[in-house]
Student: 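Just passing along the structure, written as structure tokens.
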2 protein chains.
Amino acid sequence: MDSDAKRRVTAADVAKRAGVSRSAVSRAVTEGAYLAPAKRALIEAAAQELGYRPNAMAAGLQGRRSNLIAIFVGEMANEYDKEVAAKLISGLNEAGKWPIVIGGSGDAARDAVNNVLRYPLEAMILRSGSLSTDISEACGKLGIPVIASGRVMDAAGVDNVCCRNQEAMAKGTELLIQRGRTRFGYISGPAGFGASAERKSGVIETLDMSGLALHADATGAFTVQSGYDAVMSLPNCAALDALICANDAMAIGALGALRERGRTVPEDISVIGFDDISMAKWPSIQLTTLRNPINGLVSSILDLLDRRQSNPAKATEMIWLDAEVILRATH
Amino acid sequence: MDSDAKRRVTAADVAKRAGVSRSAVSRAVTEGAYLAPAKRALIEAAAQELGYRPNAMAAGLQGRRSNLIAIFVGEMANEYDKEVAAKLISGLNEAGKWPIVIGGSGDAARDAVNNVLRYPLEAMILRSGSLSTDISEACGKLGIPVIASGRVMDAAGVDNVCCRNQEAMAKGTELLIQRGRTRFGYISGPAGFGASAERKSGVIETLDMSGLALHADATGAFTVQSGYDAVMSLPNCAALDALICANDAMAIGALGALRERGRTVPEDISVIGFDDISMAKWPSIQLTTLRNPINGLVSSILDLLDRRQSNPAKATEMIWLDAEVILRATH
DNA sequence: TTGAAAGCGATACCAC
DNA sequence: GTGGTATCGCTTTCAA
């Protein structure tokens, strides 16, 4: 018969049950601790029977690793961000780290971050988002290491992992030039995102080197709809034979709009995107794109975390990731 | 001059700085506690200056709410799951709950769950996944409330929120019958998922009531590729004038395959999906579908959580959600 | 209104 | 090897 309020089983309960001291119980659950095998078995049986689990909060108070990592993911509005978040969560789990995930934006997100910072976090992983600067500042004061990606943060104590956006776009542009394209359009991401400017200049500089220039230039919001809208409102759409988009979502929107405007891809006009989100390889899409490597991103973040843990005082690092050209059916 | 190892600021530090007792500091950060306004201001200033944040672990040890909620999301392989996870995380954040997210499957996920259960969780939110039963059992032993969705779990202490799959599919089937379709194909989800069986029987029973039957029947894996493959290997594809898919991803794959096989949608053949993932409304897709309401799901989970917290002993509940027919361009 | 002191549950150092 | 005991940082009686 249970009592009404179910109390959590503690080490003391197990100790009493097994007829040993609390210390022995603690040693039984610790990896390399002195304990007679027979006694250990006895304790383990009692623990099993009672359903004992050491309370991570009490253990955390002892100055041990909390294994808690915060991830700030912003709005998670676009597909790439969601894929990154999913992979990052699995990656951390496999490394034995437990991610507390914070989403959203604005004041709600700010409050959330402030509250989560009450936990003894081992690190804060920042993925874009407008609050990045504030958050990293707060973490700095608390001595919590920050790992940023998506936008480079040039602050003390912040490690970065970042895609070579400009070089990647240069590769993509080069591909289309070699295919014989000469009249390029570009759909840019929103201003204010570091990646937007880098990607665009990768295109422009590469065109320039071949004596070419942009014939059309629109700005989207990194969404499918915005890519569609951008192309639908392009005045000289019919004159273009190549369209480069700052991300896959906009490229996918653009693809729909181009078909509606009577252009055929890739015979008539080439389209490439950026990211290689999972939809890019869907049979009905088959988008040629530049892969913004998610696995590389996640493993870099994990490496950075590891190195930071083993040497908290080390200098901050910046890891650069190269994008790969993925040839499908739209170039 | 900082000392080398940066120690976290504690209430004692603030107390010394403000010239008061530790108790006073604790009261200053507690909402409705006796404290002279002047003293409170003094303490708040000192806390601000030192960058003090109460340590949630130490506070959690006091038997207060931990605000920690675990979410088990399984593989997050398909789009719907990712969208649900994203919305759920934001929803919990807004409610002042901090989600520890566990992904993956197999032994790694099992270990992860076992470790996360060391934290004093307020609840475990389960989203499909093969480990559901094991996890809910472990939570039951620890007295941690479980909220399941995606698959109905008929276990003690488990609240459920669930879509009326069968009724939803009946509505979708009805739509196509009224449009004059008579030769139906169906692409089912993998066996073993409760939703697969329910959705399929919704189709079959509705057809039956109109004296119709399934002309083709394939099984996919809830992925785009599997929907594509299923249609490509359908022997009597040309004879069909309607195709119902157990989810949107497979419907999108099917759409691509149908076009490749020379069928035109929706003139020639109608296609509908299930879920209404965000890609369903993309300009190039425009899938007619049954909306598996994410917002309703998230708010139901939050409600359930709230009620469970305010009355831990209450009977378990089951909340049913209705799907809505979303008319786009493929029916 | 305030300070002193007793826990919360686990770990680690100490003698034995 | 093992059992006592101080300790982590906070909240919360209990006196004053």
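Just so it is clear: chains get the letters A, B, ... in the order the sequence lines come, proteins before strands, and each one is counted from 1.
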Student: Are the side chains of Val113(B) and Met124(B) in touch, meaning some heavy atoms are under 4.5 Å apart?
Tutor: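 Side-chain contact under 4.5 Å: yes.
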Student: Could you check Val161(B), Leu126(B), Leu321(B) and say which one makes a side chain to side chain contact (heavy atoms under 4.5 Å, CB included) with Ser149(B)?
Tutor: Val161(B)
Student: Taking only residues two or more places apart in sequence or in another chain, which ones pass side-chain hydrogen bond (donor to acceptor under 3.5 Å, both in side chains) with Arg22(B)?
Tutor: none
Student: How far apart are the C-alpha atoms of Phe222(A) and Tyr80(A), what are their side-chain angles, what is the distance that settles it, and do they pass the ring-ring contact (aromatic ring centres under 6.0 Å, His included) test?
Tutor: CA-CA 10 Å; Phe222(A) 278 150; Tyr80(A) 186 71; 9.9 Å; no
Student: If I take atom CD1 in residue Ile43(A) and atom P in nucleotide dA10(C), what distance separates them, rounded to the nearest angstrom?
Tutor: 13 Å
Student: Calculate the interatomic distance between Tyr34(A) atom OH and dG4(D) atom P; express it in whole Å.
Tutor: 21 Å
Student: For the CZ atom of Arg308(B) and the CD atom of Glu317(B), what is their distance to the nearest 0.5 Å?
Tutor: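 CD of Glu317(B) is found 7.5 Å from CZ of Arg308(B).
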Student: Is there any protein nitrogen or oxygen under 3.5 Å from a nitrogen or oxygen in nucleotides 8-11 of chain D, and what are the pairs?
Tutor:
residue: dC8(D); atom: O2; partner: Gln62(A); partner atom: OE1; Å: 3.4
residue: dC8(D); atom: O2; partner: Gln62(A); partner atom: NE2; Å: 2.9
residue: dG9(D); atom: N2; partner: Ala58(B); partner atom: O; Å: 3.3
residue: dG9(D); atom: N2; partner: Gln62(B); partner atom: NE2; Å: 3.2
residue: dC10(D); atom: OP1; partner: Tyr52(B); partner atom: OH; Å: 3.0
residue: dC10(D); atom: OP1; partner: Asn55(B); partner atom: N; Å: 3.2
residue: dC10(D); atom: OP2; partner: Ala11(B); partner atom: N; Å: 2.6
residue: dC10(D); atom: O2; partner: Gln62(B); partner atom: NE2; Å: 2.8
residue: dT11(D); atom: OP2; partner: Ser26(B); partner atom: OG; Å: 2.8

Student: For Arg40(A) and dT2(D), give me the distance from atom CZ to atom C1', rounded to whole Å.
Tutor: 13 Å
Student: Arg127(A) versus Leu297(A): any side-chain heavy-atom pair under 4.5 Å?
Tutor: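 With C-beta onward as the side chain, the pair touches.
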Student: Any side-chain N or O of Lys39(B) less than 4.0 Å from the OP1 or OP2 oxygen of dT2(C)?
Tutor: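 For dT2(C), OP1 or OP2 has a side-chain N or O of Lys39(B) closer than 4.0 Å.
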